[in-house]
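Numbers restart at 1 for each chain; the letters A, B, ... are given by sequence-line order, proteins then strands. Note that the structure is a prediction, hence the values are computed from the model and not measured.
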Protein chains: 2
Amino acid sequence: MSRATIYSIATMCGVSPATVSRAFNRPELVSAPVRDRVLAAAAELGYQPSSAARGLVTGRAGMIGLLVPDITNPFFPLLVRAIQRAADRVDSPVMLIDAEESAAAEVRLVARLRGRVDGVLVASPRAPASALREAARDMPFVLLNRVQRDLSSVICDNTAALFDAGEHLYGLGHRTFALLAGPSASWAAARRSQAIRRWARGRDVRLVELGPFRATYKGGRRAGEALLRTDATAAFAFDDLMACGVIAELAGQGVAIPADRSIVGCDDVLLAQAVTPRLSTVTAPMDDLGRVAVEVLTREIEAPEGAPAHKRLPGVFTPRDSTGPARAG
Amino acid sequence: MSRATIYSIATMCGVSPATVSRAFNRPELVSAPVRDRVLAAAAELGYQPSSAARGLVTGRAGMIGLLVPDITNPFFPLLVRAIQRAADRVDSPVMLIDAEESAAAEVRLVARLRGRVDGVLVASPRAPASALREAARDMPFVLLNRVQRDLSSVICDNTAALFDAGEHLYGLGHRTFALLAGPSASWAAARRSQAIRRWARGRDVRLVELGPFRATYKGGRRAGEALLRTDATAAFAFDDLMACGVIAELAGQGVAIPADRSIVGCDDVLLAQAVTPRLSTVTAPMDDLGRVAVEVLTREIEAPEGAPAHKRLPGVFTPRDSTGPARAG
DNA sequence: ACAATCTATGCAATCGCTTTCATTGAATCC
DNA sequence: GGATTCAATGAAAGCGATTGCATAGATTGT
């Protein structure tokens, strides 16, 4: 037997297809007994509305796109999960696209999404915003972890939390800091670096800038090597993955954390709580991030002409075991 | 202006919509000059066929579903990427669903996919096969990393590679082994355990079974603690993530790897090559896995009545630095 | 030169659903 | 009690593509 349609159900219940449709979409327009009969029949037949047919008439795909630059970076699975959860609540599946760290792929893949999704969420893109904008021509679009004046965006604002991290370290006696910068094409990396620089300027501390390093474990190893060539007693890593790499590198060289050096990460990925020492890091409010992103996109879909929204959710500094008192002297 | 359709293009070029459609789908049926004109007009208007309209008439969604049990486990991003790459070649976007480690969610989410995708790939499910089968009623379906007689499946067969790993360790003088088992609902875990047991029986070695442990870094820490309470000099971890946890735990207790104990992982996730010591592990042929999975599913979609296919791709043992000679004594 | 064959194109039905408009019978109002 | 409103339903028109069938020229064969 082929799939059930509103027609089979209609025939079965002795009503018209329109009534069946209404029983699902505007149940208040259908009398209770009829509605129940229809719903029962539908359940029995395992009816699933054809999203193609529905999409054709409503002009909605009933789906949103999510583009991530690198799904193998542990930050993004967390984001994917948060967004999927939020999208689930508005009953909208998400189509995931991984750009495999290529800016060109981002543009190509976003363009390919046109017409298949109602809108697209682009997380931490590497590609220039203008190219993305063009690729997403006339489809609702919101940036994650990057802001761009004419585009909606939602970001996790770590500025205050990084200040807190700095103060925390300062309070522990640290006076010389290293900044282990992230990829130069990353807006978030630039912004984090800037926040740290600003904090350092406001305090009488020395800040040594190192990098850029790749946002990977291996990039962290490199950063660790570089860090050891400086006399900084505390370091800000671009993200947790990098911080884990740094820790591993230092451990490999017999440098104790936090006894000899303190490290703070950013993002609070799963690994951060699992490694030894547990990472002091800036925790991103993932679930909120996902929820707000989906909300903004949904609004954009429903009212495409509105002004772009810009949401910023603050991260919060979570001290754990990778930060401690500065070595005397 | 609203989106371009075959009608706008047809009018623009002075041909019928049917011809426009054919220019895309059966170009050999359209004369060269007309075809060029149509294609040019389409490009100019930025035409994208409506997948809803197409889907309605062809009965195809032009999309495949991929369900993973836990996207935060680093094995799955790799798989997602491999599958996405393969699906890209057949020009079929993939809809990712993360079940957040819940068997119930797997069933619910698979059911929700009906009609939205042409077929679904279910990776390493925790839910019972019968429930999945029912949820996926009358839609093409292939299992990854699990076999089930009446369902198509493609697995990475690590049996031989685990034998190799065993032989490698045996050659290094190890005689007492620990098996750190994975989650009990995981088919792959059961199979790996079985392979190791079989190998151990064929050799005069002692095998201590520990677990089950969760397939996470923390699960690995637990496994590490358990391992230290035994006198095994070598251990098989269920997967790399667990192996990393074990290494961290042992390192934390001052136990050297591979000097004091040897560890082998499984899967060869990115982290495996990045940690210290680099993990000896069983490398899964990810790209092939993705390619074959998509091939099997595609075949299933095109010929739904064929017999289920069962593909097994062998993993290969990759010795690195986490395995070494057994301590004398 | 005329039938037979091809080639390129158009016509129109169809996919399954949503939604506007019309209709019918019942309830409400004065 | 007749006019008015209302609630519940049905009829039918699309949404944008694909595709089987029909057709008009052009080409070929004898």
Side-chain angles (χ1 to χ4, degrees), chain A residues 1-39 41-42 45-63 91-92 114-118 138-139 302, chain B residues 1-39 41-42 45-63 91-92 114-118 138-139 302:
Chain A
M1 87 196 168
S2 66
R3 291 236 332 269
T5 71
I6 52 169
Y7 292 96
S8 36
I9 298 178
T11 312
M12 198 166 155
C13 297
V15 298
S16 83
T19 300
V20 176
S21 173
R22 278 190 284 252
F24 289 106
N25 306 309
R26 316 279 311 273
E28 74 280 7
L29 292 185
V30 175
S31 70
V34 171
R35 192 194 320 136
D36 294 346
R37 241 164 54 221
V38 168
L39 264 27
L45 267 50
Y47 168 73
Q48 278 273 142
S50 149
S51 63
R54 171 178 292 169
L56 186 54
V57 33
T58 61
R60 292 273 170 85
M63 214 169 352
D91 201 61
S92 182
R114 298 238 314 273
R116 315 191 89 115
V117 297
D118 294 328
D138 63 36
M139 86 178 142
E302 274 158 13
Chain B
M1 85 197 168
S2 66
R3 292 236 330 270
T5 70
I6 52 169
Y7 293 96
S8 37
I9 297 178
T11 311
M12 199 166 154
C13 297
V15 297
S16 84
T19 300
V20 176
S21 173
R22 279 189 282 252
F24 288 105
N25 305 310
R26 316 281 311 273
E28 73 281 7
L29 293 185
V30 174
S31 69
V34 171
R35 193 192 323 135
D36 295 346
R37 240 163 55 221
V38 167
L39 264 27
L45 266 50
Y47 168 74
Q48 279 273 142
S50 150
S51 61
R54 171 178 293 167
L56 187 54
V57 33
T58 60
R60 293 275 170 85
M63 213 168 353
D91 199 63
S92 181
R114 299 236 314 273
R116 315 191 90 116
V117 297
D118 293 329
D138 62 37
M139 86 178 143
E302 274 157 13

note = When the rotation axes relating C1' atoms of four end pairs to the next four are compared across the helix from C/dA1-D/dT30 to C/dC30-D/dG1, five pairs an end, they differ to 10° by 40°
task = Tell whether B/Tyr7 reaches the base of D/dC15 with its side chain through a donor-acceptor pair below 3.5 angstrom.
result = no
inquiry  = Contact between B/Tyr7 and B/Val20 at the side-chain level, heavy atoms closer than 4.5 Å - yes or no?
reply    = no
query = Taking the side chain as C-beta and beyond, is there a heavy-atom pair between B/Thr19 and B/Val34 under 4.5 Å?
reply = yes
query = Tell me the salt bridge (Lys or Arg N to Asp or Glu O under 4.0 Å) pairs involving residues 11-24 of chain A, sequence neighbours left out?
reply = none
Could you tell me the separation between the [atom1] atom of [X] and the [atom2] atom of [N], rounded to a whole number of Å?
X	N	atom1	atom2	result
A/Arg37	D/dT9	CZ	P	8 Å
B/Arg35	C/dT9	CZ	P	10 Å
A/Ile6	D/dA11	CD1	P	13 Å

Interface residues of residues 10-23 of chain A with DNA chain C (non-hydrogen, below 4.0 angstrom) = A/Ala18, A/Ser21, A/Arg22
inquiry  = Please give me every residue in residues 24-31 of chain B whose heavy atoms get under 4.0 Å of an atom in DNA chain C, ordered by residue number.
reply    = B/Leu29, B/Val30, B/Ser31
inquiry  = Using 0.5 Å steps for rounding, measure from the CG atom of B/Leu56 to the OG atom of A/Ser51.
reply    = 10.0 Å
Minimal non-hydrogen separation, [X] against [Y], with atom names:
X	Y	value
B/Arg3	B/Gln48	NH2-O, 3.0 Å
B/Ala42	B/Phe24	CB-CZ, 3.6 Å
B/Gly115	B/Ala61	O-CB, 4.4 Å
A/Ala23	A/Val30	N-CG2, 3.8 Å
B/Pro17	B/Ala10	N-CB, 3.6 Å

Would the distance check show the side chain of [X] and the main-chain N or O of [Y] forming a donor-acceptor pair, the cut-off being under 3.5 Å?
X	Y	answer
A/Arg116	B/Met63	no
B/Arg114	A/Gly46	yes
A/Arg60	A/Asp118	no

key: side chain to side chain donor-acceptor pair (under 3.5 Å) partners of B/Ser21, counting only residues at least two apart   = B/Asn25
Nucleic acid contacts - residues 48-57 of chain A versus DNA chain D, non-hydrogen atoms under 4.0 Å = A/Leu56, A/Val57
